[in-house]
Amino acid sequence: MNRVAQLRAVVDALHAEIAALKRFDVAALAAATGAKEAGIGALAGPWRQDEVDDEVRALAEEAQRLNETSRIYVNLMAANVRARLEALTGLNSQVYTRSSAAA
């Protein structure tokens, strides 16, 4: 697979990752994240200037936006879990603090 096709595959994996996050589908999330990481690994290394055209730039920008969207979903889910745990435990402070991690 050439690098442009690999970049397209990363974009597809990011779409799948976001869809899995929306559905709370852990198995699909693991598969999509694995595909994303494998694709990013395949893209590592320097690119020749003649390889970076408008299509590559557009795909890279789309991948960046999608990855940011994934990050936002993960942060929202983490905040939701934290709020639920606080409601269950009655604790309004962080469960894991620097002092408890050292203990």
Grouping I, L, V, M, F, W and Y whenever their side-chain heavy atoms are under 4.5 Å apart, do Met77 and Leu85 come out in a common cluster?
no
Rounded to the nearest 0.5 Å, how far apart are OG1 of Thr89 and CZ of Arg84?
14.0 Å
Test: side chain to side chain donor-acceptor pair (under 3.5 Å). Region: residues 18-27. Which pairs qualify, not counting sequence neighbours?
Arg23-Asp25
Verify same cluster id: Leu29, Ile72 (apolar side-chain graph, 4.5 Å):
no
Glu55 atom CD: more than 12 heavy-atom contacts under 6.0 Å
yes
What pairs of residues pass the salt bridge (charged side-chain N to carboxylate O under 4.0 Å, His left out) test when at least one of them lies in residues 27-46, not counting sequence neighbours?
Glu17-Lys36
Would you give the length of the straight line joining atom CG of Leu43 to atom CG of Leu7, rounded to the nearest 0.5 angstrom?
5.5 Å
Give a yes or no on whether Asp54 atom CG has more than 12 heavy-atom contacts from other residues, nucleotides or ligands under 6.0 Å away.
no
Would Leu14 end up clustered with Val74 when hydrophobic side chains under 4.5 Å apart are linked, directly or stepwise?
yes
Look up atom OG1 in Thr33 and atom CG in Leu21, then write down how far apart they are to the nearest 0.5 Å.
7.0 Å
Can Arg71 and Asn67 be counted as having a side-chain donor-acceptor contact under 3.5 angstrom?
no
Between NE2 on residue His15 and CG on residue Leu66, distance to nearest 0.5 Å
4.5 Å
Any side-chain heavy atom of Arg3 within less than 4.5 Å of one from Arg48?
no
Nearest heavy atoms of Asn2 and Val4, plus distance in Å
OD1-N, 3.1 Å
